[in-house]
There are 2 protein chains.
Amino acid sequence: MAEDWTDRHVARWKDHWLDLAFDEAVEGVFVRVNRIDRYLRRAKQRAVAEVGLTDFEYDTLHVLMIRDTPGSASPTELATELGVSGAGMTGRLDGLEKAGWVRRIPAVDDRRRVIVEVTKAGMAIWRQAMDLRGRAEDDLAEALTERELATLNRLLKKVTVRSEEREG
Amino acid sequence: MAEDWTDRHVARWKDHWLDLAFDEAVEGVFVRVNRIDRYLRRAKQRAVAEVGLTDFEYDTLHVLMIRDTPGSASPTELATELGVSGAGMTGRLDGLEKAGWVRRIPAVDDRRRVIVEVTKAGMAIWRQAMDLRGRAEDDLAEALTERELATLNRLLKKVTVRSEEREG
DNA sequence: GGCGAATACTTAGGTAGCGAAGTATCATCG
DNA sequence: CGATGATACTTCGCTACCTAAGTATTCGCC
């Protein structure tokens with residue numbers, strides 16, 4: 001197979017940084033993981049822009065929708081899952097609420113709490129973006145056979161399992 | 001093998017969004033790619049913070065060092081490779097220069113141009129961070145045998161090759 | 001050779017996000 | 001019950017970054 005960006009990266013590395021210990025295979029795997037993620041991030045950005053959402057609006061709707069209780073969560077839960085600060089979450093929700101994609105409802109049993117709920121319009125636009133995004137993923141996946149996809153999943157899972165052990 | 005975050009994610013998906021077409025294997029691969037990248041991003045942040053760099057300072061030094069002409073580049077080249085605007089680059093370089101990790105040198109043949117050069121201190125701190133970062137990667141990679149690592153590289157490369165075709 | 005377009009970088013004004021402090025509510029325990 | 005601490009969210013001041021406009025230099029072409 002022709003070389004990819006990673007091959008060139010690793011070759012450059014070997015040329016210039018001989019003294020820095022490194023394992024080509026390890027470097028290759030993680031650089032490629034990063035390149036694929038980067039490509040999909042950009043594809044997502046295009047998809048999301050096309051339906052008229054900003055990146056962070058989509059991300060917020062997305063974690064709201066893929067939860068165990070889809071379409072409903074507290075600001076704190078969303079912030080944690082998005083890796084964003086509480087303050088940042090307040091800002092995002094202000095925007096989403098103004099745009100009409102989300103509602104803030106005061107919780108009845110605990111008046112400190114707020115429940116964030118997706119609106120019909122919010123769900124609709126999220127689905128539109130999801131659809132576009134899924135197409136980009138399917139397109140990439142066509143580079144592999146069913147069998148290869150299964151193998152890839154098996155090997156990647158060994159890595160994610162370890163990473164989750166490390167995170168505790 | 002026990003389930004990972006992705007397994008739970010996919011299971012949830014099937015429960016709640018039956019009507020949205022999706023391929024489990026495809027979703028699994030790309031979600032895992034994203035989870036691994038996310039884990040390594042955080043590991044990098046920890047490594048980088050430990051030696052006393054911010055995330056974006058390290059990133060900038062890093063692309064400066066891994067180029068064909070290591071330790072030397074124009075602001076525009078760096079901005080492109082980092083996916084940052086020209087204005088953003090100016091800001092980053094101001095900080096890096098102030099901290100003494102980088103120098104701005106006027107180009108002799110074209111007085112519009114500036115050459116960014118890493119200093120000794122900049123190279124030293126980058127290497128420190130690289131070392132820590134490499135350890136996190138090696139640790140993850142130990143989840144796989146040599147053979148599995150090779151297979152993983154081969155399959156991932158099929159995907160990156162396709163993504164690079166798409167990008168033109 | 002000189003004038004308009006292109007290039008390389010910086011400055012200016014605005015936005016998303018962060019950490020820390022603030023406000024309101026609830027839980028614990030004497 | 002009442003005081004102290006914990007929790008849930010918001011407000012405030014600051015930073016990094018973006019787009020667009022500005023400045024300086026070089027290129028292309030008659």
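From a predicted model like this one, the values you see are computed outputs, not experimental measurements. Values below: every heavy atom of this structure, side chains too, minus hydrogens, waters and symmetry copies. Each chain gets a letter, A, B and so on, in the order the sequences are listed, and its residues count up from 1.
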**OP:** Would you kindly give the CZ-to-C1' distance between A:Arg112 and D:dA8, to the nearest whole Å?
**Re:**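 Value for this atom pair: 6 Å.
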
**OP:** Strictly below 4.0 Å, heavy-atom distances to any atom of DNA chain D: list the hits from residues 38-61 of chain B, or just say none.
**Re:** B:Phe56

Subject >> side chain to side chain donor-acceptor pair (under 3.5 Å) contacts touching residues 112-122 of chain A (sequence neighbours left out) >> reply: A:Asp110-A:Arg112

**OP:** Sorted by first residue and then second, give each side chain to side chain donor-acceptor pair (under 3.5 Å) pair with at least one member in residues 95-107 of chain B; sequence neighbours left out.
**Re:** B:Asp94-B:Arg104, B:Glu97-B:Arg104

**OP:** I would like to know whether A:Glu81 and A:Arg67 meet salt bridge (charged side-chain N to carboxylate O under 4.0 Å, His left out); could you show each step before the answer?
**Re:** CA-CA 10 Å; A:Glu81 282 161 34; A:Arg67 329 186 67 245; 3.1 Å; yes

**OP:** Over 60° means perpendicular and under 30° means parallel, so classify the ring planes of B:Trp13 and B:His9, tilted if in between.
**Re:**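 B:His9 vs B:Trp13 ring planes: tilted.
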
**OP:** Could you list by number each residue of residues 101-111 of chain A showing a heavy-atom separation from DNA chain C of less than 4.0 Å, or answer none if no residue does?
**Re:**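 Of all residues in residues 101-111 of chain A, the ones placing a heavy atom under 4.0 Å from DNA chain C are A:Asp110, A:Arg111.
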
**OP:** Kindly state which residues belonging to residues 63-93 of chain B come within less than 4.0 angstrom of DNA chain C, counting heavy atoms of the residue only, listed by number.
**Re:**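 By residue number: B:Ser74, B:Pro75, B:Thr76, B:Gly86, B:Ala87, B:Thr90.
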
SB check [X] [Y] (cutoff 4.0 Å):
X: A:Asp131; Y: A:Arg127; answer: no
X: A:Asp7; Y: A:Arg32; answer: yes
X: B:Arg162; Y: A:Asp139; answer: yes

Original post:
Any side-chain donor paired with an acceptor under 3.5 Å for B:Thr54 and B:Glu57?
Top reply: yes

Who else is in the cluster with [X] when I, L, V, M, F, W and Y are joined by side-chain contacts under 4.5 Å?
X: B:Val161; value: A:Met1
X: B:Phe56; value: none
X: B:Val31; value: B:Trp5
X: B:Val108; value: none

Original post:
Are side-chain heavy atoms of B:Val118 and B:Trp126 found at a separation under 4.5 Å?
Top reply: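 No, side chains not in contact.
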
Subject >> Within-4.5 Å side-chain heavy-atom neighbours: B:Lys157 and A:Thr6 >> reply: no

**OP:** With a 4.0 angstrom cut-off to heavy atoms of chain B, pull out the first and last contacting nucleotide of DNA chain C, in 5'-to-3' order.
**Re:** C:dA6 to C:dA12

Could you pull out the protein-nucleic contacts involving nucleotides 21-23 of chain D (nitrogen or oxygen on both sides, under 3.5 Å)?
none

Original post:
Going by the salt bridge (Lys or Arg N to Asp or Glu O under 4.0 Å) test, which pairs reach into residues 20-31 of chain A, not counting sequence neighbours?
Top reply: A:Lys14-A:Glu24

